[in-house]
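In what follows, a single structure is set out as structure tokens and then discussed.
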Amino acid sequence: MRTALSGLTTRGRCLLAAGFAAGVCAAVLNERDLLRVAAFVIALPLLAAWLATRARVGLHAARFLAPSRVPVGVASEVKLDLRSTGRLPTGGLMLEDTVPYALGARPRFLVERLPRNTPTTLRYPLKPVMRGIQQVGPLMARITDPFGLAEFDRELAGRSRLVVVPRVVRLSGLPGGSGMGAGDDGSVRLRAGQGEDDAVVRPYRQGDDLRKVHWRSTARRDELMVRVEERPWRGGTTVLLDHRQSAHRGSGPTASMEWAISFCASICLHLHHFGHQVRLVSEDGRVLAGGSQDGGHSDHVVLDSLAALQASHRRELSGGVDPGAGQEVIAVLGGVSPASIEELIRYRPRGMRSLAVLLDVNAWAGGTDSSAPDPEDARRLLGGAGWGVAIARPSASMQQVWQELCASAGNRGPSVRSEVG
């Protein structure tokens with residue numbers, strides 16, 4: 001009885017108090033008719049509370065998500081199956097499902113009557129605007145009587161997991177002059193009859209090995225030229241994602257970090273489509289996907305790992321090791337300082353193919369952040385070390401940035417030439 005009384009609404013409590021008051025007055029005045037009215041007024045909220053309690057016990061619900069993993073911006077449908085197993089039909093049922101703000105508003109349903117042992121299905125859509133592992137639920141029900149004298153809350157269904165993966169953009173083309181980890185020979189050497197091999201040469205840069213000087217091209221151009229040894233891209237490709245919070249600007253779905261994550265997902269799936277081995281790592285060298293556990297072939301592993309990825313609190317790129325572990329690297333970097341770029345170059349072998357996409361994070365901040373690093377400074381440092389570089393801005397599509405990166409890999413710098421010996 002105490003449990004039933006705890007569910008009385010303000011209206012029910014006032015009616016109960018009025019009934020007791022009327023009962024006292026009837027006893028003092030010896031009014032039997034007033035006593036009958038008092039008994040009815042007292043019994044009505046008690047009966048309403050008892051019926052609402054019985055209805056609460058017999059309620060059951062199940063939640064189904066279709067599908068349970070969706071890309072950002074793609075709708076998912078939630079289906080709620082309700083059933084009452086009580087002896088009496090349930091009426092005045094208010095349902096509210098707990099939904100995170102990133103999935104939309106909380107849906108509410110009013111079920112005027114739920115027949116006994118007859119299932120009722122409710123549906124509502126979810127359209128996520130942010131990636132992440134989202135929890136839908138719990139489903140709360142508020143059961144009331146027709147007069148609004150008693151109400152009870154009950155959790156009908158627990159939490160359901162919705163995986164919101166990054167948006168993937170279809171890319172086309174591959175960086176020129178490479179096998180991109182497919183095991184194909186990516187060299188650019190051709191045979192010209194019985195003569196000497198063709199040579200890809202470029203002007204000498206400080207730090208180049210003098211043993212690679214191509215003397216015939218040097219004599220022909222009157223400028224010190226060195227041979228570029230185009231190595232085959234074997235053993236896979238490493239995609240490096242810089243997800244440091246300090247390296248990005250903006251918030252919500254339009255933040256530069258979300259663009260970088262979506263671009264990395266697009267690259268990984270694009271290379272997987274061509275059968276390439278891909279390893280996804282963070283800026284500190286931690287493997288996010290593509291390790292020995294999945295072989296780098298599962299798109300779901302890549303997308304799920306990016307869906308759950310949180311911003312890192314590191315201030316600088318972690319150095320000390322080659323981030324590609326001997327593989328080719330495609331680095332997607334936020335705002336990076338010259339010191340971080342030099343640290344990245346120092347441990348990255350010059351002969352290995354290396355590509356970088358530099359985000360102009362100041363453009364994501366609306367051009368108002370004077371503290372954001374200038375990507376042109378990083379482009380000069382990386383270009384001088386033989387990296388192919390592309391700069392990404394919000395105004396450019398991912399396909400445009402990818403094409404620029406492919407062109408930079410094919411050119412290997414504006415001064416690289418193929419000379420026939």
Side-chain angles (χ1 to χ4, degrees), residues 1-65 77-101 103-126 135-160:
M1 179 59 67
R2 181 177 300 179
T3 303
L5 292 178
S6 65
L8 290 175
T9 62
T10 302
R11 181 186 301 177
R13 294 176 186 274
C14 291
L15 193 62
L16 188 63
F20 278 112
V24 172
C25 292
V28 172
L29 300 176
N30 195 22
E31 290 286 343
R32 292 187 177 182
D33 292 339
L34 183 60
L35 184 61
R36 293 189 186 96
V37 173
F40 174 76
V41 172
I42 292 174
L44 185 60
L46 296 179
L47 179 63
W50 180 79
L51 290 175
T53 304
R54 297 288 295 178
R56 180 182 66 169
V57 173
L59 280 178
H60 303 279
R63 183 193 301 106
F64 304 95
L65 275 65
E77 185 181 64
V78 179
K79 184 177 73 169
L80 301 174
D81 287 343
L82 305 177
R83 183 183 294 272
S84 175
T85 58
R87 295 182 178 181
L88 298 175
T90 303
L93 182 62
M94 176 72 75
L95 297 174
E96 181 179 12
D97 209 1
T98 305
V99 174
Y101 75 94
L103 299 180
R106 290 187 176 185
R108 294 182 178 179
F109 302 94
L110 177 60
V111 181
E112 296 182 356
R113 187 174 183 274
L114 188 62
R116 178 174 177 263
N117 289 328
T118 301
T120 299
T121 301
L122 303 174
R123 289 182 171 88
Y124 67 91
L126 296 175
Q135 298 293 333
V136 180
L139 175 64
M140 301 300 298
R142 176 165 293 181
I143 302 99
T144 62
D145 68 285
F147 301 104
L149 302 179
E151 63 181 19
F152 295 92
D153 292 333
R154 182 189 169 189
E155 180 179 321
L156 296 183
R159 300 176 184 272
S160 300

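- When all heavy atoms of Ala150 and Ala49 are compared, the pair lying nearest together is CB-CA, 3.6 Å.
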For this session: Could you walk me through whether Leu93 and Leu110 pass the side-chain contact (heavy atoms from CB on, under 4.5 Å) test, one step at a time?
Result: CA-CA 6 Å; Leu93 182 62; Leu110 177 60; over 6 Å; no
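- Looking at residues two or more places apart in sequence or on another chain, you find a side-chain hydrogen bond (donor to acceptor under 3.5 Å, both in side chains) between Arg63 and Asp97, Ser160.
- To the nearest 0.5 Å, atom CG of residue Leu35 and atom CD1 of residue Ile42 are 8.5 Å apart.
- No donor-acceptor pair closer than 3.5 Å links the side chain of Arg142 to the backbone N or O of Glu96.
- Rounding to the nearest 0.5 Å places CG of Leu139 at 10.0 Å from CG of Leu59.
- Summarising the geometry, atom CE belonging to Met94 is positioned 11.0 Å from atom CG belonging to Asp153; distances are rounded to the nearest 0.5 Å.
- In terms of heavy atoms, Ala38 sits closest to Gly19 at CB-O, 3.4 Å.
- Residues passing the side-chain hydrogen bond (donor to acceptor under 3.5 Å, both in side chains) test with Thr121, sequence neighbours excluded: Asp81.
- For residues 12-35, the side chain to side chain donor-acceptor pair (under 3.5 Å) pairs, not counting sequence neighbours, are Asp33-Arg36.
- Within the model, atoms CZ of Arg106 and OH of Tyr124 stand 10.5 Å from one another, a figure rounded to the nearest 0.5 Å.
- Minimum interatomic distance between Ala157 and Ala61 (heavy atoms only, all atoms of both residues): CB-O, 4.3 Å.
- Under the side chain to side chain contact (heavy atoms under 4.5 Å, CB included) criterion, Pro138 pairs with Thr98, Met140, Glu155, Arg159, not counting sequence neighbours.
- Of all heavy-atom pairs between Leu156 and Leu95, the closest is CD1-CD2, 3.8 Å.
- Legend: residues meeting side chain to side chain contact (heavy atoms under 4.5 Å, CB included) with Glu77, ordered by chain and number and at least two apart, are Arg123.
- Taking 4.5 Å as the limit, every side-chain heavy atom of Val99 sits out of range of all side-chain heavy atoms of Val78.
- Checked against side chain to side chain contact (heavy atoms under 4.5 Å, CB included), Leu15 has the following partners two or more places apart in sequence or in another chain: Val41, Leu44, Pro45, Leu149.
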